[in-house]
Amino acid sequence: GAFSMTVIEQIQEKFPFLTRKQRVVANYMMEDPERMSYVTLKEMSKDTAITEMTILKTCTVLGFANFSSMKYEFRKYAEDKMNRMQETKK
């Protein structure tokens with residue numbers, strides 16, 4: 001099929017255009033992709049000391065429709081990674 005960027009690659013591509021605070025949010029996302037699939041907005045805000053508004057804005061700047069679609073992409077990413085790991089085990 002067509003090559004699709006992983007969610008991590010998508011964030012890396014947009015990273016240079018982010019503000020300082022948005023970069024904190026983006027780094028947080030990339031550091032722990034597995035956690036991202038179930039983290040709440042409130043937890044993320046607490047962990048990064050960045051307001052929920054800024055986190056939501058970061059999601060849209062990164063090209064996600066909203067917070068839950070961002071989480072969905074991370075869930076897919078985690079599943080793909082698991083599947084690839086099982087492939088190599090065979």
Side-chain angles (χ1 to χ4, degrees):
F3 172 72
S4 63
M5 268 196 298
T6 68
V7 65
I8 300 292
E9 289 164 339
Q10 183 179 336
I11 294 172
Q12 284 168 340
E13 194 179 61
K14 299 276 198 304
F15 198 82
F17 310 106
L18 302 180
T19 65
R20 194 174 56 83
K21 284 183 172 174
Q22 288 170 349
R23 286 180 181 195
V24 173
V25 176
N27 277 323
Y28 178 89
M29 291 175 175
M30 292 188 288
E31 263 161 32
D32 197 350
E34 275 74 17
R35 175 170 163 73
M36 285 311 299
S37 52
Y38 58 84
V39 73
T40 66
L41 188 53
K42 202 187 244 35
E43 287 173 332
M44 214 170 147
S45 176
K46 210 172 84 213
D47 289 346
T48 55
I50 304 253
T51 66
E52 296 185 11
M53 278 304 298
T54 302
I55 293 171
L56 292 174
K57 175 88 170 88
T58 307
C59 289
T60 45
V61 173
L62 291 172
F64 304 108
N66 50 40
F67 189 74
S68 47
S69 77
M70 179 271 295
K71 282 171 62 168
Y72 171 75
E73 289 302 323
F74 271 99
R75 236 186 340 267
K76 250 176 28 183
Y77 174 78
E79 283 166 14
D80 289 347
K81 221 166 99 175
M82 294 263 306
N83 293 340
R84 276 199 300 275
M85 278 161 69
Q86 279 155 358
E87 286 297 309
T88 50
K89 279 201 193 93
K90 276 175 196 161

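Because the structure is predicted, anything quoted here is derived from the model rather than measured.
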(message) I'd like to know if Y72 and V25 are part of one continuous hydrophobic network [Ile/Leu/Val/Met/Phe/Trp/Tyr, side-chain heavy atoms within less than 4.5 Å].
(response)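 Hydrophobic grouping puts V25 apart from Y72.
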(request) Check K14 against L62 and note the closest heavy-atom contact, atom names and distance. (result)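 Closest pair (atom of K14, atom of L62, distance): CB-CD2, 3.7 Å.
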(message) How close do C59 and M70 get, counting heavy atoms only, and between which atoms?
(response) SG-CE, 3.8 Å
(request) With the side chain counted from C-beta on, respond yes when F74 and I8 share a heavy-atom pair under 4.5 Å apart, and no when they do not. (result) yes
(message) In the structure I gave you, are the side-chain heavy atoms of T58 and T54 within less than 4.5 Å of one another anywhere?
(response)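 T58 reaches T54 side chain to side chain.
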(request) Would you check if the side chain of S37 reaches a backbone N or O of K71 as a donor-acceptor pair within less than 3.5 Å? (result) no
(message) Using a 3.5 Å distance criterion without hydrogens, assess whether the side chain of R75 forms a donor-acceptor pair with backbone atoms of Y38.
(response)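 Looks like no, no N/O pair under 3.5 Å.
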Drop me the distance from [X]'s [atom1] to [Y]'s [atom2], to the nearest 0.5 angstrom.
X: I55; Y: T60; atom1: CD1; atom2: OG1; value: 12.0 Å
X: K21; Y: M53; atom1: NZ; atom2: CE; value: 12.5 Å
X: E13; Y: Q10; atom1: CD; atom2: CD; value: 8.0 Å
X: L41; Y: L56; atom1: CG; atom2: CG; value: 5.0 Å
X: T40; Y: K46; atom1: OG1; atom2: NZ; value: 8.5 Å

(request) Report, as yes or no, whether the 6.0 Å neighbourhood of atom CE on M30 holds more than 12 heavy atoms from other residues, nucleotides or ligands. (result)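 Yes, CE of M30 has more than 12 neighbouring heavy atoms, counting only those of other groups under 6.0 Å.
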(request) Give a yes or no on whether a salt bridge exists between K76 and E73, defined as a side-chain N under 4.0 angstrom from a carboxylate O. (result) yes
(message) Going by side chain to side chain donor-acceptor pair (under 3.5 Å), name the residues that satisfy it together with K57, two or more places apart in sequence or in a different chain.
(response) none
(message) Restricting to side chain to side chain donor-acceptor pair (under 3.5 Å), what partner residues turn up for E34, sequence neighbours left out?
(response)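 E34 satisfies side chain to side chain donor-acceptor pair (under 3.5 Å) with K81 only.
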(message) Just to verify, what does V39 make a side chain to side chain contact (heavy atoms under 4.5 Å, CB included) with, not counting sequence neighbours?
(response) Y28, R35, M36, E43, M44, F67
(message) M29 vs I11, test: side chain to side chain contact (heavy atoms under 4.5 Å, CB included). Steps then yes/no.
(response) CA-CA 9 Å; M29 291 175 175; I11 294 172; 3.9 Å; yes
